[in-house]
Q: 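Mind having a look at this structure? Questions to follow.
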Amino acid sequence: MPDGLKRLLRHLSIDVSPLRDSRDYRLLFSSGVVTMFGTLITMVAVPYQMKELTGSYLAVGLVSLAEFVPMVVGGLWGGAIADALDRRKIIVLSELGLLVTSAVLMVNALLPSPQVWVLYVIGGISTGIASLQRPSLEAVFQQVVKHDQQGAAAVLSSMRWNFGAIVAPALGGLLVTAYGPAAAYGIDTLSFVLSLALLWRIRSLPPAENAAPASLQSLVEGMRYAVRRSDLMGTYLVDIAAMVFAMATSLFPFLADELHAPQSLGLLYSAAAVGALIASLTGAWTARVQRQGLGVIVAATLWGAGVALSALAPNVWVLVVCIAFAGAADMISGIFRTTMWNQTIPQELRGRLAGIELLSYASGPMLGNARASLMANIGGTRFSLGSGGLLCVAAVLGLAAALPKFRRYDARTDEHALAEKARREAAAA
């Protein structure tokens, strides 16, 4: 094999050093694989069961609305307690709570007359618990993975997620149509049992010695820290802008009909995840990038360009390629953002900032789909896609110009990255 090809393959190969070097990361990674499948299967089962029980589009749509407030409250408070308490304890207790909610959904589905209100209430409670847990899960990687392996860990985590996002919904669709929602909820419950067995073995992960107690004041302190750092604000604002202006999955059913390929609807929904998985599998090179701020800007711009190009797609296959390209660019942006967060945010603030991150990447797609539907009502699906993608590119470039510290960020010279690296080296010594 030519030397040039060997070097190329080395650059593209996946760096598994976090899995090799950290026992706790291996346990967290394995737990995530197990619960991700169960959770994504339930994400298919809940709206399917609601449709079967009510036959109402509005009733199905209200499921997401019922989850929004618990997501916001859980995410913010979860960030506060992630910095104030033992993160392992938070993760384990939250996992136990999620097991109970899945079991309740299973029992409800087995009743002769399943109750609709249970889907709303338990769906909201489950989202709140998951949002409460998420900041601790995000923050804990900083404690169990070496500083210079954060990029590799971000690639591995994104690969895990995208593989599940492709396979699990399809499996969930087969389960609920062939065996009913109770079977899907049962598998989700079992996944939490297996996950708990793995998470129980993780070492204690206590808060920093100078950690602030969980309170409204500590939440405000975390927000002030984020606002003071324009490089961090850049990661949040660019992601929100990219999602608000270019997210358009709500248009997929209409696009499939317009292209006379209604059977391709599932393919459209999975195309972005396929592109993201390819980006993850070939994303080892991202761990060697030091200017992650510029990387986020370029990747978010390509995401918007991919969505804009999809407006010109003459058939469903070109549309799938454009969506997959956009999904790959969005995943690269996510890898760079995660690396910046884990390499620069102090441990005593990491949980609260993870709560803010959760709101930034969870609210954007919701608002983006609403924007896409509104613009489609005005000018059609192609107008919505094309103008949304171009607005995304303009917004990202505008933010890049307005936030020079974000644009010029370099992990080799940034004061926050160097301080966090020195702190971790001292702790390890």
Q: If you look only at pairs with a residue in residues 195-205, which of them pass as a salt bridge (charged side-chain N to carboxylate O under 4.0 Å, His left out), with sequence neighbours excluded?
A: Asp24-Arg203

Q: What orientation do Trp341 and Tyr236 show, parallel under 30°, tilted 30 to 60°, or perpendicular over 60°?
A: tilted

Q: Hey, can you pull the donor-acceptor pairs under 3.5 Å for the side chains in residues 167-176, sequence neighbours left out?
A:
none

Q: If you measure only the distance, is there a donor-acceptor pair under 3.5 Å linking the side chains of Ser195 and Glu95?
A: yes

Q: Taking CD in Gln217 as the centre, count heavy atoms belonging to other residues, nucleotides or ligands within less than 6.0 Å. Is the count above 12?
A: no

Q: Are the side chain of Ser22 and the backbone of Val144 linked by a donor-acceptor contact shorter than 3.5 Å?
A: yes

Q: Can you list everything that forms a side-chain hydrogen bond (donor to acceptor under 3.5 Å, both in side chains) with Ser126? Sequence neighbours excluded, please.
A: none

Q: Tell me which pairs pass salt bridge (charged side-chain N to carboxylate O under 4.0 Å, His left out) where either residue lies in residues 355-364, with sequence neighbours left out.
A: Arg350-Glu357

Q: Would you kindly say whether Tyr25 and Gln149 are connected by a side-chain donor-acceptor distance under 3.5 Å?
A: no

Q: Listing request: all side chain to side chain donor-acceptor pair (under 3.5 Å) pairs with a residue in residues 34-47, at least two apart in sequence or in separate chains.
A: Thr42-Asp188

Q: List in chain and number order the residues that pass side-chain hydrogen bond (donor to acceptor under 3.5 Å, both in side chains) with Ser136, two or more places apart in sequence or in another chain; answer none if no residue qualifies.
A: none

Q: Can you sort out the partners of Lys421 under salt bridge (charged side-chain N to carboxylate O under 4.0 Å, His left out), two or more places apart, ordered by chain and number?
A: none

Q: Looking at Phe141, is its backbone amide N or carbonyl O close enough to the side chain of Gln150 to form a donor-acceptor pair, meaning the two atoms are under 3.5 Å apart?
A: yes

Q: Verify the neighbour count for atom CZ of Phe383: are there more than 12 heavy atoms of other residues, nucleotides or ligands below 6.0 Å?
A: yes

Q: Just to verify, what does Glu221 make a side-chain hydrogen bond (donor to acceptor under 3.5 Å, both in side chains) with, not counting sequence neighbours?
A: Arg352

Q: According to salt bridge (charged side-chain N to carboxylate O under 4.0 Å, His left out), who are the partners of Asp410, at least two apart in sequence or on a separate chain?
A: Arg412

Q: Look at the side chain of Arg371 and the backbone N and O of Phe245, then say whether any donor-acceptor pair between them is shorter than 3.5 Å.
A: yes

Q: Give a yes or no answer on whether the side chain of Arg382 reaches the backbone of Ala313 with a donor-acceptor pair at less than 3.5 Å.
A: yes

Q: Only counting residues at least two apart or in another chain, list the ones meeting salt bridge (charged side-chain N to carboxylate O under 4.0 Å, His left out) with Asp21.
A: Lys146

Q: Sub-3.5 Å donor-acceptor pair from the side chain of Ser94 to the main-chain atoms of Ile91, do we have one?
A: no

Q: Could I get the full list of ring-ring contact (aromatic ring centres under 6.0 Å, His included) partners for Tyr409, not counting sequence neighbours?
A: none

Q: Quick one: which residue pairs count as a salt bridge (charged side-chain N to carboxylate O under 4.0 Å, His left out) with a foot in residues 321-346, not counting sequence neighbours?
A: Asp239-Arg337

